[in-house]
Amino acid sequence: MSVTASTTDSKAVDLENQATITHRERTAPHHVRQRVANAAPLGLLAFATSIFVISLFGLQPRGVTVPNVIVPILVFFGGCAQVVAGIMEYISGHTLKATLFSTYASFNLAYAMIYLPGSGILLAYTDETGTLIPDFEQALAMFCWAWFIVSMIFTVATVRASWVILTTLVFVDLTLLLLAVGYMVGQVSVLKAGSATGLVTAFLAYWLAAAELWGDGMTPFNLPVGPLKKE
């Protein structure tokens, strides 16, 4: 008899709870939390490869002076792939990585646009004989100065991240500074120095990408990055 009464009371409580459910609770979608992959290796590899090819062509190895071959790398890997990495970092809630990847993806796309046939940018700085006018180098200097400011903001934001990340962005700053000064004063030696520091930047970014990709038990290799934030 007591069991029957208890069951009846339980059903009555369930009916009462169902009757008091709000319209918002009834219509609210059920969210299932899904695990998002780590997008940092993709973004870092795209960043490193982009600055590697830009710096390599700046040094003009084997006498190659026409940089148009880097355009597809900057557009598809340095641009599109890095945008995807930035979006994924936004979803994961990583503000710094999301902003950094999206910003440098924009840099790669903007830089590629300069040399993209049909964009008209190079044509605007070319005289009747097909020679680039001096204004082109001054324009590139202003381009580099703008991105130097952006990069400095990122550098300050990473002072508590890790030594490798901080050093990478310091070399990005140094690369953009040397390129801006080199284009402004027309000194080839300064531009070469900027390209050389760009190669150092690429190496550090490759190191970070490998550390992210190989770590967390994925491989037996764990590359040190020197965390700055105290636990």
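Please read all numbers here as calculations on a predicted model, not as lab measurements.
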Report yes if some heavy atom in the side chain of W214 is under 4.5 Å from a heavy atom in the side chain of P41; otherwise report no.
no

Of all heavy-atom pairs linking A211 and V225, the shortest is CB-CG1, 3.8 Å

Begin from the C-alpha positions of T197 and V172 and carry the test side chain to side chain contact (heavy atoms under 4.5 Å, CB included) through to its verdict.
CA-CA 8 Å; T197 56; V172 173; over 6 Å; no

State, with a plain yes or no, whether a side-chain heavy atom of N108 is found less than 4.5 Å away from one of F47.
no

Where at least one partner belongs to residues 151-180, residue pairs that pass ring pair (Phe, Tyr, Trp, His ring centres under 6.0 Å), sequence neighbours excluded:
Y104-F154

Show me the donor-acceptor pairs, under 3.5 Å and distance only, between side chains in residues 55-74 and residues at least two apart or in other chains.
{"from": "S55", "atom 1": "OG", "to": "I51", "atom 2": "O", "distance (Å)": "2.8"}
{"from": "N68", "atom 1": "ND2", "to": "Y115", "atom 2": "O", "distance (Å)": "3.2"}

Between the main-chain N or O of T95 and the side-chain N or O of E89, is there a donor-acceptor pair closer than 3.5 Å?
no

Residues in side chain to side chain contact (heavy atoms under 4.5 Å, CB included) with T155, at least two apart?
S151, L166, L169, V170, D173

Hey, does F136 have a side-chain heavy atom less than 4.5 Å from the side chain of I114?
yes

Measure the shortest side-chain to side-chain distance between F148 and L179 over non-hydrogen atoms and say whether it is less than 4.5 angstrom.
no

Please tabulate, for the side chains in residues 116-126, all donor-acceptor contacts under 3.5 angstrom to protein atoms that are two or more places apart in sequence or on a different chain.
{"from": "S119", "atom 1": "OG", "to": "M113", "atom 2": "O", "distance (Å)": "2.8"}
{"from": "S119", "atom 1": "OG", "to": "L116", "atom 2": "O", "distance (Å)": "2.9"}
{"from": "S119", "atom 1": "OG", "to": "I121", "atom 2": "N", "distance (Å)": "3.4"}
{"from": "T126", "atom 1": "OG1", "to": "L122", "atom 2": "O", "distance (Å)": "2.6"}

According to ring-ring contact (aromatic ring centres under 6.0 Å, His included), who are the partners of F107, at least two apart in sequence or on a separate chain?
F143, W147

Test side chain to side chain contact (heavy atoms under 4.5 Å, CB included) applied to Y90 - qualifying residues, sequence neighbours left out:
A98, T99, S102

When you check the side-chain N and O atoms of S50 and Y111, is any donor under 3.5 Å from an acceptor?
no

